[in-house]
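I have placed the structure first, in the form of structure tokens, so that the comments after it can refer back to it.
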Amino acid sequence: SRSRSASVMPVDAKEEPEDEDSEREDDKLYCVCKTRYDEDRVMIACDRCDEWYHTQCVNMPDLEVDLVDQFICPVCMQSNPHLHLQTTYKRRCFFGLKHTDPSSSNACHKPSRGAFSKYCSDDCGIKYMQMRILQWERGGGKRDKLWESVKNAEKREGVVVCADVKMEIDRKPSPAPVSAQKLKANREIACLNTRLENVVREREMMKREMDMVLWREKLVKLASERAERVDECGWDQRLCFGEEEWDDFGAEVLESYEEKAKEEASDDVMQVDGITSHGEWWCTGKKKCERHAGWQKLRVAEVAFDKETKETILSTLTTREREIRKGIEDILYPPSTNASQAPSKPSLADPPLNGISKPRINGEAVEKGKKKKS
């Protein structure tokens, strides 16, 4: 999403005092309140229709502007109820969520670093741990003894919950006791299977996200090629499609470019009620459109970053899955057991299976194919 305030508005009356275009832009009415631009009020652009709205008019706190992932204005949501459009938000920094007053301006309102960290920066992570240490000290802990209490801590692999279960007396003979080693192996296998299921589920979700990134990459390429061909801005609003829209119309969007190319080649564009077929998706402005200036480079860079990030995550998940499967195999079939069950090679000192030893002459075995001369 894009937001702007007084710090980012390119307004300079001294540079173009007599420019008619600038006067027209100043007279433009924005938002649902239909007022002119006010540099003291924060505004945000809709990722579908590119219209600007005041955050106050769409019931959005100014502090949450940086957390918006994709902003959909009320007009677009009302005009397309079948698409189930909604504004999406990024995950907020964990330190800001755990602040004594999360809604205050003193709390961190920046987005986290996604799959890499639940904090927006290393500084917020350090501040949160310092806050935890202070809380621990207020509870009676001593800072100098903190290391002694945590230096032997291991990575947590699960959470144990105590369940209140009423035991029923069974008169049937109890089963044979299982060895402690086998019980330990069963627990480890169950834990590894749970981790394996989580990794596989996470990898499948990441594959789905990767498919959407590849679709968006192809769409950016088609839109850029079309913009060069028709010498127009060519911005395609469908680049802002979310996951649900991608599921429903992903293939149709790519097919629309083939249909549009055929129409442009034949110079016979179908008109329906005065509107060009599929034409409402593309910006027909000049090649250097002020509203969508540089959209090709921005979208290509965004897609490349998303693709590289998801490829790294997929590679990590695949490696983790292999390690877990290898761990399960090592528990089920220990290397020592395989070595003990492998057939042993007969030594040279062992007699042959038929019980007949090799003939020897003067204490030395006769070599095959040679006769010893007397």
Distance check, rounded to the nearest 0.5 Å: [X] atom [atom1] versus [Y] atom [atom2]?
X      : Y      : atom1 : atom2 : answer
Tyr257 : Leu222 : OH    : CG    : 6.5 Å
Arg92  : His99  : CZ    : NE2   : 9.0 Å
Met206 : Ser315 : CE    : OG    : 12.5 Å
Asp231 : Arg226 : CG    : CZ    : 11.5 Å
Asp69  : Tyr89  : CG    : OH    : 11.0 Å
Cys240 : Leu85  : SG    : CG    : 11.0 Å

Could you check whether any side-chain heavy atom of [X] comes within less than 4.5 Å of a side-chain heavy atom of [Y], counting everything from C-beta outward?
X      : Y      : result
Asn80  : His82  : yes
Asp50  : Trp235 : yes
Trp215 : Glu217 : no
Arg36  : Lys28  : no
Cys191 : Arg195 : yes
Ile126 : Tyr119 : no
Glu51  : Tyr30  : no
Lys98  : Tyr128 : yes

Please report the shortest heavy-atom distance between [X] and [Y], naming the atom on each side.
X      : Y      : value
Cys108 : Phe95  : CB-CD2, 4.5 Å
Val199 : Leu317 : CG1-O, 3.5 Å
Leu192 : Gly327 : CD1-C, 3.9 Å
Pro81  : Gln78  : CD-O, 3.5 Å
Ala45  : Phe71  : O-CD2, 3.4 Å
Ala227 : Gly234 : CB-CA, 4.0 Å

Determine, for Glu321 against Arg325, whether the closest basic-nitrogen to carboxylate-oxygen distance falls under 4.0 angstrom.
-> yes
Presence of salt bridge, Arg48 and Glu245, under 4.0 angstrom = yes
Would you kindly confirm whether [X] and [Y] end up in one hydrophobic cluster when ILVMFWY residues are joined by side chain heavy atoms under 4.5 Å apart?
X      : Y      : value
Val303 : Met212 : yes
Ile44  : Leu63  : no
Phe241 : Leu254 : yes
Met129 : Trp136 : no
Met205 : Met210 : no

Aromatic Trp246 / basic Arg238 pairing, under 6.0 angstrom, 45° off normal | no
Verdict with supporting geometry, Leu214 and Lys218, side-chain contact (heavy atoms from CB on, under 4.5 Å) = CA-CA 6 Å; Leu214 296 176; Lys218 189 172 182 180; over 6 Å; no
Do Asp38 and His54 have side-chain N/O donor and acceptor atoms under 3.5 Å apart?
-> no
Does the side chain of Arg113 pick up a donor-acceptor pair with the side chain of Ser121 at under 3.5 Å?
-> no
Please check if the number of heavy atoms outside [X] that lie under 6.0 Å from its [atom1] is greater than 12.
X      : atom1 : answer
Phe305 : CZ    : no
Gln181 : CD    : no
Met131 : CE    : yes
Glu308 : CD    : no

Strictly distance-based, threshold 3.5 Å: is any side-chain N or O of [X] a donor or acceptor partner for the main-chain N or O of [Y]?
X      : Y      : answer
Trp52  : Tyr37  : no
Ser112 : Cys120 : no
Thr88  : Gln70  : yes
Thr35  : Cys31  : no
Asp236 : Trp282 : no

Residues two or more places apart in sequence or in another chain: which of them pass side chain to side chain donor-acceptor pair (under 3.5 Å) with Glu302?
-> Arg299
What pairs with Asp330 under side chain to side chain donor-acceptor pair (under 3.5 Å), at least two apart in sequence or on another chain?
-> Lys326
Walk me through it: do Gln237 and Cys76 pass the test side-chain contact (heavy atoms from CB on, under 4.5 Å)?
-> CA-CA 12 Å; Gln237 300 178 19; Cys76 288; over 6 Å; no
Chi angles and distances behind the side chain to side chain donor-acceptor pair (under 3.5 Å) call for Asn198, Arg201 = CA-CA 5 Å; Asn198 294 334; Arg201 189 185 307 111; 3.0 Å; yes
side-chain contact (heavy atoms from CB on, under 4.5 Å) assessment of Arg320 paired with Thr316 = CA-CA 6 Å; Arg320 194 183 306 170; Thr316 303; 3.9 Å; yes
May I have the step-by-step check of side-chain contact (heavy atoms from CB on, under 4.5 Å) for Thr87 and Val68, ending in yes or no?
-> CA-CA 7 Å; Thr87 300; Val68 176; 4.1 Å; yes
